[in-house]
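Worth knowing before you read on, the calculation uses all heavy atoms, side chains too, and leaves out hydrogens, waters and symmetry mates.
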Amino acid sequence: MSVQVFKFGGASVKSAEAVKNVAVILRQFPEKPTVIVVSAMGKMTNAFEQIWLASLDNPTTINEKIEEVKNYHQQIVSDLFDEIPNSLQRTLNEWYTDLEQKARSPKPAQRDYTYDSIVSIGELLSTTIISAYLNSEGILSEWKDARALIKTDYTYRSAHVDWKKTTNQCQEQILPVFESEETKCIVTQGFIAAADTWHTTTLGREGSDYSAAILAYALDADQVMIWKDVPGVLNADPRKYDNAKLLPSISYKEAIELAYYGASVIHPKTIQPLQNKSIPLWVKSFVYPKESGTCIRTDVPQEQLIPSFIIKEGQRLISIATRDFSFIVEEHLSHIFQVFSSHGITMNLMQNSAINFSVVVNEDARELPLLMEELQQTYAVRYNEQLDLVTIRHYNEEIVQELTGKKKRVLEQRTRNTIRFLLK
Ligand code: ADP
Ligand code: ASP
Ligand code: MG
């Protein structure tokens, strides 16, 4: 069966107006059964993270934080409906009660488990509202719990997908719905999944793009469209660079490189499942849905080779050396990698010399203080903060000058297609 997957992120469902626009978009693409993957509304995931922190560390503030979340959703619901359907309000109340219970009985020894069980409620609320709204507009949709579809291991906050179980579940639960005449849409949550039956897990912040790709893979979808507040993938983040240009079509390879280096318009894990099954990914504007946006696919006859660049701020350069002036050899490197991996810290760039191994990481990485402590037990460790990591694909001298000219180059790395600078 020919199915398509649409993904609506936080910005595209942040208000009643935005939710109404989702219906407008769906009416423009009526031809295929559509799985609609939705994120938490607006910046709600941040608000849920605050509830999680309060539940573990500062319970006296839980009530006001939960009230904020409830009011936000209730405002959207009252703006969407002249009269809120009873069944919708009942379901929302159930999620609010669930949230209150979870926030009041956290498991302090299992912070990440608690995180997933609380933060996931953002997506459960948004999809409940959107599914009800679409039905009220005559766009018949069925709500599905993504935890019954996407199966993972128990790595809370960045769970790994069990592809076999996920494929079976998706095919068993989604395809029969589309075989019935009327239902053309299934609405489900991005970002959330489950280990075994009901251990809620999440796929990592901004993971809803990835959810869309997982479902598309499992269903052998024809295409995925992710709806954004930008015209598509641009050669730079338009929030940081006024003259950013649209890349109308790029290969999976180019897209995965851009996402890996930090072009935050697509979650980096999104590309692989789509590439594996040659499913095209469209990145489109929810403001101008008729514009073609960016198509990411296998055969791009004339790959856009204009310079694209990514600027990651808030970087820390960590220099790790042996204490006795001996060479940094494979044995040390293997130990260092193991320490990074055990703390879940990503290396954004690395470089080594005779007695020194240098790594660039995000300053706000969660377990950075613990990592530093552990490294210091074995090595001489120094670091430098508040640096910018600039990556330029398909670089030329002009763009290098423009982006690095006034700053001090702390470190530089160059390959044929990519040049990277750590700047102070
Ligand atoms: P979502 O609503 O799906 O969560 P995001 O906010 O994660 O969407 O992604 C859209 C944002 O990505 C844009 O607002 C833009 O600022 C940012 N962005 C970063 N790099 C790029 C790029 N190369 N092209 C387009 N947008 C980019
Ligand atoms: N709601 C989650 C987040 O804000 C997932 C997503 O939006 O992609 O991180
Ligand atoms: Mg997002």
Side-chain angles (χ1 to χ4, degrees), residues 7 9-12 206 208-210 212-213 223-272 274-275 279-315 346 348-349 360 362 387-407 409 411-423:
K7 179 257 170 172
S12 65
E206 302 299 327
S208 298
D209 292 342
Y210 183 38
Q223 59 179 357
V224 176
M225 288 192 186
I226 55 179
W227 298 91
K228 300 272 174 179
D229 60 357
V230 283
V233 179
L234 310 178
N235 72 330
D237 184 347
R239 277 188 225 185
K240 294 187 184 152
Y241 190 74
D242 287 340
N243 294 326
K245 292 189 190 68
L246 179 73
L247 305 174
S249 93
I250 52 177
S251 62
Y252 294 116
K253 166 98 172 39
E254 188 62 21
I256 205 166
E257 294 286 347
L258 290 174
Y260 168 79
Y261 289 127
S264 61
V265 64
I266 311 169
H267 188 283
K269 286 186 174 172
T270 311
I271 304 297
Q272 188 217 1
L274 301 178
Q275 187 276 346
I279 301 169
L281 170 63
W282 295 86
V283 182
K284 286 167 72 94
S285 158
F286 60 74
V287 187
Y288 304 105
K290 291 208 165 118
E291 302 287 315
S292 51
T294 298
C295 183
I296 300 165
R297 58 198 161 95
T298 308
D299 303 312
V300 179
Q302 279 183 320
E303 180 92 90
Q304 280 279 355
L305 291 176
I306 62 168
S308 295
F309 54 90
I310 299 112
I311 302 168
K312 266 167 114 64
E313 286 148 1
Q315 301 294 299
T346 307
N348 294 335
L349 183 144
V360 177
N362 295 347
L387 305 170
D388 292 346
L389 178 58
V390 175
T391 304
I392 315 173
R393 299 266 303 153
H394 317 301
Y395 56 91
N396 59 36
E397 255 332 289
E398 199 183 332
I399 191 76
V400 167
Q401 271 315 315
E402 187 180 335
L403 294 176
T404 65
K406 294 186 198 101
K407 297 201 164 169
R409 295 181 186 181
L411 198 152
E412 183 174 330
Q413 248 177 29
R414 183 189 295 247
T415 62
R416 198 154 49 88
N417 289 321
T418 308
I419 193 162
R420 309 187 81 194
F421 297 99
L422 193 62
L423 302 175

With S208 via side-chain hydrogen bond (donor to acceptor under 3.5 Å, both in side chains) - residues at least two apart: S39

Residue pair T298 / Y252, side-chain heavy-atom distance below 4.5 Å: yes

Nearest-0.5 Å distance, CG of residue N362 to CD of residue E313: 11.5 Å

Could you pull out all donor-acceptor pairs under 3.5 Å where a side-chain atom in residues 286-294 meets a protein atom, sequence neighbours excluded?
from	atom 1	to	atom 2	distance (Å)
T294	OG1	V233	N	2.8
T294	OG1	V233	O	3.4
T294	OG1	L247	O	2.8

Distance-only polar pair, side chains of R420 and T391, donor-acceptor under 3.5 Å: yes

Residue pair L349 / L422, side-chain heavy-atom distance below 4.5 Å: no

Contacts of type side chain to side chain contact (heavy atoms under 4.5 Å, CB included), residue A259, not counting sequence neighbours: P268

Pairwise side-chain contact, R414 with Y395, heavy-atom cut-off 4.5 Å (strictly under): yes

Which residues share a salt bridge (charged side-chain N to carboxylate O under 4.0 Å, His left out) with R416, sequence neighbours left out: none

Derivation and outcome, side-chain contact (heavy atoms from CB on, under 4.5 Å), residues F309 and Y241: CA-CA 10 Å; F309 54 90; Y241 190 74; 3.6 Å; yes

Pairwise distance CG(L403) to CD(E398) - rounded to 0.5 angstrom: 10.5 Å

Ring pair (Phe, Tyr, Trp, His ring centres under 6.0 Å) involving Y260 - partner list, sequence neighbours excluded: none

With E206 via side-chain hydrogen bond (donor to acceptor under 3.5 Å, both in side chains) - residues at least two apart: none

Salt bridge (charged side-chain N to carboxylate O under 4.0 Å, His left out) against E402, all qualifying residues, sequence neighbours excluded: none

Euclidean distance, I399 CD1 relative to I419 CD1, rounded to 0.5 Å: 11.5 Å

Distance in Å, N243 CG paired with K245 NZ, rounded so as to fall on 0.5 Å steps: 6.5 Å

Atom pair CD1/CD1 of I271 and I250 - distance to nearest 0.5 Å: 7.0 Å

Spacing of NZ belonging to K253 relative to CG belonging to L258, to within rounding of 0.5 Å: 10.0 Å

Partner set under side-chain hydrogen bond (donor to acceptor under 3.5 Å, both in side chains) for D388, not counting sequence neighbours: K407

Contacts of type salt bridge (charged side-chain N to carboxylate O under 4.0 Å, His left out), residue R297, not counting sequence neighbours: none

With sequence neighbours excluded, residues passing side-chain hydrogen bond (donor to acceptor under 3.5 Å, both in side chains) with Q275: none

By ring pair (Phe, Tyr, Trp, His ring centres under 6.0 Å) - contacts of Y210 (at least two apart): none

Salt bridge (charged side-chain N to carboxylate O under 4.0 Å, His left out) against D237, all qualifying residues, sequence neighbours excluded: none

